[in-house]
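Notes to accompany the following structure.
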Amino acid sequence: MYNVVDLLMLTLGRTGRTMNVAGRTQSAIPPVRFGLLALGAASTLVAAPALAAPTQGTLGATSTGTVTITVQVPSRVQITGLTDVAFGSVEPNAQAVSSQSNCVWSNTATKGYTITASGSGTAGAFTLTSGVLAPVSYAVQWNQTTGQSSGTALAPAAVSTGFVSTATVPTCLTGPTTTSSLIVTIAPTQLATMASLTTYTGTLTLLVSPA
């Protein structure tokens, strides 16, 4: 059995802008920070079929033999293109929304994949914390189409299925440059509980598996 895990860690910080799309840059002024950990997981390598016996050549002026050549690859996925997400100074009476496009590649026959999202709260809850202050909850959505601001709601630590990639190569080097969207939202009821000028942080883990 072969298992491959691709690990990508991004720290999301506040810079006063709505989003930092440069990727992996540390913001200078952080009132709300997130962390993203995205992983790609692989399935089992299928057993190779039985090979036909090679044909041996006979003695003569020339001699011809044949061999059968076979090859296969295991199921693999990769998520790339995740960028730092920076919530600016958001008003507590309106929902905060941050969306980003990224690349998910799958080499299965259907190009399918699943996603399991886990936060850093209890039992994988999507929460942000700041010291002894009460935690703040956020919501996560995923869309298999790029450039979207809404999508399928992801439940903490639960597998979400039915996604299909349009990527033709890993990291979207050719073909579409992005394939999917990650959306993070914080409801006004949660924003209203936050202490002003205080940094809340959390970690979001995205486990991507071939399907």
Side-chain angles (χ1 to χ4, degrees), residues 1-10 12 19 23 34-48 72-85 95-128 135-187 190 202-211:
M1 178 178 293
Y2 296 79
N3 286 297
V4 171
V5 176
D6 294 317
L7 182 63
L8 172 61
M9 185 69 178
L10 298 97
L12 310 184
M19 180 182 296
F34 282 73
L36 277 180
L37 180 63
L39 304 96
S43 65
T44 305
L45 180 67
V46 178
Q72 61 179 261
V73 295
S75 297
R76 293 289 184 261
V77 290
Q78 186 175 19
I79 182 170
T80 55
L82 293 170
T83 60
D84 288 352
V85 176
Q95 178 174 255
V97 180
S98 179
S99 60
Q100 59 173 278
S101 294
N102 50 70
C103 173
V104 173
W105 173 81
S106 169
N107 73 344
T108 66
T110 62
K111 295 190 177 295
Y113 62 94
T114 66
I115 295 180
T116 303
S118 301
S120 52
T122 303
F126 302 145
T127 57
L128 309 174
V136 173
S137 297
Y138 62 94
V140 180
Q141 300 174 42
W142 185 267
N143 197 308
Q144 67 178 16
T145 304
T146 187
Q148 303 302 304
S149 58
S150 64
T152 300
L154 305 183
V159 179
S160 294
T161 63
F163 301 112
V164 177
S165 173
T166 57
T168 56
V169 295
T171 70
C172 293
L173 286 176
T174 61
T177 56
T178 55
T179 63
S180 42
S181 303
L182 171 68
I183 304 101
V184 178
T185 63
I186 307 176
Q190 294 297 312
T203 300
L204 175 63
T205 300
L206 298 175
L207 176 66
V208 183
S209 303

Between [Y] and [X], is there a side-chain heavy-atom distance shorter than 4.5 Å?
X: Ile186; Y: Leu128; result: yes
X: Thr166; Y: Lys111; result: no
X: Gln148; Y: Ser99; result: no

Answer yes or no: is there a donor N or O on one side and an acceptor on the other, between the side chain of [X] and the main chain of [Y], under 3.5 Å?
X: Ser181; Y: Thr145; value: yes
X: Ser106; Y: Pro210; value: no
X: Ser101; Y: Thr146; value: no
X: Gln144; Y: Val164; value: yes
X: Thr108; Y: Ala211; value: yes
X: Gln190; Y: Ser137; value: yes
X: Thr168; Y: Thr174; value: yes

Closest non-hydrogen atom pair, [X] against [Y]:
X: Ala117; Y: Leu206; value: CB-CD2, 3.8 Å
X: Val184; Y: Tyr138; value: CG1-CD1, 3.8 Å
X: Asn107; Y: Val73; value: ND2-CG2, 3.8 Å
X: Ala157; Y: Ala123; value: CB-O, 4.0 Å

Gap separating the [atom1] atom of [X] from the [atom2] atom of [Y], nearest 0.5 angstrom:
X: Gln100; Y: Ser180; atom1: CD; atom2: OG; answer: 9.5 Å
X: Ser118; Y: Leu154; atom1: OG; atom2: CG; answer: 10.0 Å
X: Thr127; Y: Leu204; atom1: OG1; atom2: CG; answer: 11.0 Å
X: Asn102; Y: Thr171; atom1: CG; atom2: OG1; answer: 12.5 Å
X: Ile79; Y: Leu182; atom1: CD1; atom2: CG; answer: 7.5 Å

task = Applying side chain to side chain contact (heavy atoms under 4.5 Å, CB included) between Thr80 and each of Cys172, Cys103, Pro170, report the one that passes.
result =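 So the option named by the test is Cys103.
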request  = Measure up the Phe163 and Trp142 rings against each other and bin them: parallel (under 30°), tilted (30 to 60°), perpendicular (over 60°).
outcome  =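 If you compare the ring of Phe163 with that of Trp142, the planes turn out perpendicular.
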query = Do you see a donor-acceptor pair shorter than 3.5 Å between the side chains of Ser120 and Thr203?
reply = no
